[in-house]
Structures are given as C-alpha cells and as structure tokens.
J.: 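Attaching a single structure in structure tokens format; questions to follow.
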2 protein chains.
Amino acid sequence: MKKTVHVFKALSEEIRLRIMALLEEGELCVCDLMAVLGLPQSTVSRHLAYLRHAGLVEGERRGMWMYYRLADRADGLAGELRLLLARCLPDLELIRQDRQALADYLARKDQDTCN
Amino acid sequence: MKKTVHVFKALSEEIRLRIMALLEEGELCVCDLMAVLGLPQSTVSRHLAYLRHAGLVEGERRGMWMYYRLADRADGLAGELRLLLARCLPDLELIRQDRQALADYLARKDQDTCN
DNA sequence: CCTGTATATCCGCATAAGCGGATAATATCA
DNA sequence: TGATATTATCCGCTTATGCGGATATACAGG
C-alpha cells in the first residue's frame with residue numbers, strides 16, 4: 001500500500017508530470033530537461049530522483065551524462081498509469097507547449113552539433 | 001493542469017484510497033466509513049471533502065445522513081483513474097481487509113435492523 | 001422551540017514536501 | 001593530477017498537508 005501511495009504522490013506534482021510527458025518522447029539527460037523546463041539543476045535532479053524511487057523512471061549514466069527514460073518493466077500500477085498518462089497528458093495545454101519546446105530545443109541542439 | 005494535479009493528490013493518500021475502494025462496493029454514509037475504517041468523524045469527513053472537490057466522489061443528503069458514492073460522470077482523467085483503481089486496488093491486502101470489514105459491518109447492520 | 005444525531009468546518013499543532021543556492025561526487029580530457 | 005562539466009545531495013527556509021478535538025450547522029422527532 002505504501003508503494004501505491006508513493007506512486008500517486010510522485011504523479012501529484014506539476015513539474016513531475018511535465019517531466020513524465022517529456023520522457024514519453026524519448027530519453028533525455030538532466031541538462032536537456034533543465035533547458036526545456038527552464039528550471040535549476042537541483043530542482044530537476046530532485047524530481048527525477050523522486051520519480052526513480054517510485055519506479056516510474058530509470059536512469060543510466062553514459063559518460064558525464066545521466067540519461068533518464070520511462071521505466072520499461074513497470075509493474076501493474078506503474079504500467080497502467082504510464083498508459084493513462086500517455087492518453088490524458090496531451091490534453092493539457094502546458095504539456096503540448098513543453099513538447100513543442102522540446103522539439104525546438106532538440107532541433108537547435110542537432111544544428112549546433114553540425115557547426 | 002492544476003485540476004490534473006489535484007486529482008492525483010486526492011489519490012496519493014492511504015485513507016482516501018481506502019475510501020475509494022469501499023465506495024466501489026456501493027454508496028455509504030459517513031458513519032458507515034467511520035465504523036469500517038475505525039477513524040474519527042472529522043478525519044473521514046475531511047477526506048471525503050477532498051475527494052469531492054477533486055470530482056472523484058459525490059454526496060447526497062438524505063435526511064440526517066450524507067451518502068457518498070463514486071462520481072458517475074467522471075471526465076477523462078477521473079474516469080480513467082476510477083477504472084484503474086478498480087483493477088489495481090484489489091491487489092492490496094489492506095484493501096481486501098477493508099472490504100471484508102465492510103461486508104461484516106453491513107451484515108451486522110442489517111441484522112440489527114431486524115431486531 | 002428543544003433535544004439528540006449526523007455531518008461539516010474550525011483550530012492549533014506536527015510532519016511532509018518543495019525550493020534553489022551551495023557543496024560534494026563522478027567523469028572527461030589535457 | 002588539475003581543470004572543467006554534469007549530476008546528486010545537503011541545507012535552511014517556506015508552504016502544504018494531515019491530525020483529531022472542539023465547535024458550528026443541518027435535520028428529525030417530540
């Protein structure tokens with residue numbers, strides 16, 4: 001029961017819902033999320049840690065970067081909630097804005113790499 | 001977005017999840033929930049108010065009693081969450097115990113009425 | 001009205017949770 | 001090893017949340 005409550009708590013915060021929606025687009029590192037959300041690093045890392053402890057997200061270090069993605073083998077509740085979020089979050093204007101900001105950011109990032 | 005967060009907050013509390021599971025069995029008044037959960041009246045009423053404000057539950061006064069039930073016309077998110085809870089909550093031992101306690105309580109109640 | 005019952009709300013208190021700058025830990029590269 | 005970049009954690013602070021006794025409100029019956 002504690003675990004169930006913890007999963008719901010993890011999703012009952014605006015920034016964490018926005019992060020979940022962004023990770024739905026694919027894995028991202030902390031600095032990607034900082035740039036798109038416009039939030040300080042400690043805030044982003046803290047929320048990612050919360051989501052990770054709830055089993056909703058998993059991280060993998062590659063070099064200096066920590067890449068986060070939605071947890072693959074999410075058990076019953078977490079898995080169902082992921083599907084639910086995928087259906088319901090795009091209804092929210094702020095979520096759509098974030099996803100557009102992510103697309104813009106990734107385009108800019110790729111372009112810079114070519115310079 | 002605030003509404004979405006509010007709905008998740010409503011479900012990220014043990015007592016409120018237990019209440020949701022009990023109301024899945026049918027409408028109940030505050031004193032029924034007090035008896036089954038073994039909690040003081042102010043605590044039960046407060047949690048019911050929280051669930052009501054989140055649109056997950058609705059109440060109807062009949063005489064001296066307020067009967068609460070799961071909200072019928074739950075919109076997108078609330079509706080999806082109700083289905084999800086119906087699937088996932090019975091996995092939890094505490095929830096099954098509560099439902100058994102409810103069944104016992106209702107049986108006793110009916111019997112007393114016949115006296 | 002007055003009394004008793006059921007429920008909602010108020011209140012002060014204790015704990016939890018979010019914030020973001022500061023610091024520590026980890027990794028890369030010279 | 002030293003300098004730099006990325007991320008995690010610590011810290012003090014503020015706000016939010018839950019608690020349950022006390023009080024207020026709503027209703028039924030005399």
Side-chain angles (χ1 to χ4, degrees), chain A residues 1-20 22-23 27-54 56-69 94 105-106 109 112-113, chain B residues 1-20 22-23 27-54 56-69 94 105-106 109 112-113:
Chain A
M1 169 59 105
K2 277 203 180 128
K3 186 164 187 285
T4 301
V5 169
H6 198 220
V7 171
F8 277 109
K9 272 197 203 304
L11 297 176
S12 61
E13 216 278 344
E14 179 171 310
I15 295 174
R16 290 197 288 269
L17 284 180
R18 295 170 70 190
I19 290 176
M20 290 295 289
L22 289 173
L23 291 180
E27 68 176 9
L28 296 169
C29 67
V30 177
C31 52
D32 293 335
L33 289 167
M34 287 170 59
V36 173
L37 295 171
L39 291 170
Q41 181 262 322
S42 64
T43 297
V44 173
S45 279
R46 179 164 30 84
H47 284 300
L48 284 167
Y50 204 122
L51 290 169
R52 186 158 45 80
H53 290 143
L56 290 166
V57 147
E58 54 193 20
E60 181 194 353
R61 184 173 277 279
R62 287 210 293 279
M64 272 185 303
W65 293 269
M66 272 293 287
Y67 286 91
Y68 284 91
R69 57 178 167 272
L94 179 55
Y105 165 80
L106 289 178
K109 198 177 170 187
D112 289 353
T113 303
Chain B
M1 169 59 106
K2 279 206 178 122
K3 187 166 186 286
T4 302
V5 169
H6 198 220
V7 171
F8 277 109
K9 272 197 204 303
L11 296 176
S12 60
E13 215 277 344
E14 178 170 311
I15 295 172
R16 289 196 289 269
L17 284 179
R18 295 170 71 191
I19 290 176
M20 289 295 290
L22 289 173
L23 290 181
E27 68 175 11
L28 295 169
C29 67
V30 178
C31 52
D32 292 335
L33 289 167
M34 288 171 58
V36 174
L37 295 171
L39 291 171
Q41 181 262 322
S42 66
T43 296
V44 172
S45 278
R46 179 164 29 83
H47 285 300
L48 284 167
Y50 204 123
L51 290 169
R52 187 158 45 81
H53 291 142
L56 290 166
V57 147
E58 55 193 20
E60 181 193 355
R61 183 173 278 279
R62 287 209 294 278
M64 273 184 302
W65 295 269
M66 273 292 287
Y67 285 90
Y68 284 92
R69 55 176 166 273
L94 179 55
Y105 165 81
L106 291 177
K109 198 177 170 188
D112 289 355
T113 303

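Below, read A as the first sequence line, B as the second, and so on, with proteins coming before strands; counting in each chain starts at 1.
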J.: In the structure I gave you, are the side-chain heavy atoms of B/K109 and B/D32 within less than 4.5 Å of one another anywhere?
T.: yes
J.: For the pair made of CD in B/E13 and P in D/dG18, what is the distance, rounded to whole Å?
T.: 5 Å
J.: Just how far, in rounded Å, is P of D/dC19 from CD of B/E14?
T.: 10 Å
J.: Could you tell me the separation between the CE atom of A/M66 and the C1' atom of C/dA27, rounded to a whole number of Å?
T.: 13 Å
J.: Check B/V30 against B/S45 and note the closest heavy-atom contact, atom names and distance.
T.: CG1-OG, 3.9 Å
J.: Could you pick out which residue, B/K9 or B/Y67, lies toward the 5' side of DNA chain C when each is mapped onto its nearest nucleotide?
T.: B/Y67
J.: Mind checking A/R61 for me? I need base, sugar-phosphate or nothing, with any heavy atom below 4.0 Å counting as a touch.
T.: sugar-phosphate
J.: Measure from CG on A/D32 to C1' on D/dT6 and round the result to the nearest Å.
T.: 12 Å
J.: Starting from C1' on C/dT9, measure out to CG on B/L48 and report it in whole angstrom.
T.: 14 Å
J.: Just the rounded figure in Å: distance from P of D/dC27 to CE of B/M64.
T.: 11 Å
J.: Specify the separation, in whole Å, of atom CH2 of B/W65 and atom C1' of D/dA26.
T.: 13 Å
J.: With A/L28 as reference, evaluate A/I19, A/V36, A/L23 under the side-chain contact (heavy atoms from CB on, under 4.5 Å) test and give the passing residue.
T.: A/L23
J.: May I ask you to verify if any side-chain N or O of B/R46 is less than 4.0 angstrom from the OP1 or OP2 atom of C/dT9?
T.: no
J.: What integer distance in Å separates A/L37:CG from C/dG20:P?
T.: 12 Å
J.: Base, sugar-phosphate alone, or nothing: which one does A/I15 contact when heavy atoms must sit under 4.0 Å apart?
T.: sugar-phosphate
J.: For A/G63 and for A/R16, find the nucleotide of DNA chain C with the closest heavy atom, then tell me which residue's nucleotide is more 5'.
T.: A/R16
J.: For C/dA8, does the base pair up with any side-chain atom of B/Q41 as donor and acceptor (N or O, under 3.5 Å, distance only)?
T.: yes
J.: The side chain of A/Y68 lies closest to which of these nucleotides: D/dT7, C/dT7, D/dC19?
T.: D/dT7
J.: How is B/R62 classified with respect to the nucleic acid when contacts are heavy atoms under 4.0 Å: base, sugar-phosphate, or nothing?
T.: nothing
J.: If you check every side-chain atom of B/S42, which of D/dT17, D/dG21, C/dT7 has the closest atom?
T.: D/dG21
